[in-house]
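Note sheet for the following structure.
Values below: all heavy atoms of this structure, side chains included; hydrogens, waters and symmetry mates excluded.
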Amino acid sequence: MNIKWINGSYKEDNRIFNSERQAEEWADALYPDFVAYLSNNINVGYASPDEKVIKYLASYLPEWASYNNVNVRIHTGKITKDGQILYKIWSSQKN
């Protein structure tokens, strides 16, 4: 599956936020990055060492897709990279 990963553009991408509110605000701020791909039916994903960010994205992504009349499945997972756990979330197109 081909996924456009949007992390890596911001210093916050590797941050573990101190509070739920900060993580939620960061996840919400990613809307313009996600919608650019969602609205063009391109699978899009994000990875973060902060599980809280992924939790909020898991609730926001279906809403964002719905706002843009896009049908997607949401997937989550985690990997270990260079000794650090990264939590991941990505979309795939529903047929």
Practice task
Indicate yes or no: at least one non-hydrogen side-chain atom of N43 is less than 4.5 angstrom from one of W90.
Solution key: no
Problem - Euclidean distance, S92 OG relative to N71 CG, rounded to 0.5 Å - result: 10.5 Å
Exercise for the section: Please identify each residue that fulfils salt bridge (Lys or Arg N to Asp or Glu O under 4.0 Å) with D13, with sequence neighbours left out. Expected result: none
Handout entry: Short side-chain to backbone donor-acceptor contact, N7 and A47, under 3.5 Å
Key = yes
Problem - For K88, all residues meeting salt bridge (Lys or Arg N to Asp or Glu O under 4.0 Å), sequence neighbours excluded - result: none
Practice task
Would you check, one step at a time, whether the test side chain to side chain contact (heavy atoms under 4.5 Å, CB included) holds for V72 with Q93?
Solution key: CA-CA 5 Å; V72 295; Q93 302 303 308; 3.8 Å; yes
Fill in the blank from the handout: When every non-hydrogen atom of V70 is compared with those of L38, the smallest separation belongs to CG2-O, 3.2 Å
Indicate every side-chain donor-acceptor pair of residues 58-69 with a distance under 3.5 Å to a residue at least two apart or in another chain.
residue : atom : partner : partner atom : Å
S59     : OG   : Y56     : O            : 2.9
Y60     : OH   : E24     : OE2          : 3.0
N68     : ND2  : W64     : O            : 2.8

Fill in the blank from the handout: The salt bridge (Lys or Arg N to Asp or Glu O under 4.0 Å) partners of E25 (sequence neighbours excluded) come to R21
Problem - Residue list, side-chain hydrogen bond (donor to acceptor under 3.5 Å, both in side chains) with D33, at least two apart or on another chain - result: Y10
Exercise for the section: Using the rule that two of Ile, Leu, Val, Met, Phe, Trp, Tyr join whenever any of their side-chain heavy atoms come within less than 4.5 Å, decide whether I3 and I79 are in one cluster. Expected result: no
Practice task
Please list, chain by chain and in numerical order, all residues satisfying side-chain contact (heavy atoms from CB on, under 4.5 Å) with K55, sequence neighbours excluded.
Solution key: E20
Exercise for the section: Decide whether I89 and L86 are clustered together by the hydrophobic rule: side chain heavy atoms of Ile, Leu, Val, Met, Phe, Trp, Tyr closer than 4.5 Å, transitively. Expected result: no
Handout entry: Y37, OH: over 12 other non-hydrogen atoms inside 6.0 angstrom
Key = no
Practice task
Could I get the full list of side-chain hydrogen bond (donor to acceptor under 3.5 Å, both in side chains) partners for D50, not counting sequence neighbours?
Solution key: K52
Handout entry: Same apolar cluster (I L V M F W Y, side chains within < 4.5 Å links), I54/W5
Key = no
Exercise for the section: For P49 and Q84, work out which heavy atoms get closest and say how close. Expected result: CB-NE2, 3.3 Å
Practice task
If you link ILVMFWY side chains whenever their heavy atoms are less than 4.5 Å apart, which other residues fall into the same cluster as I16? By chain and number, please.
Solution key: none
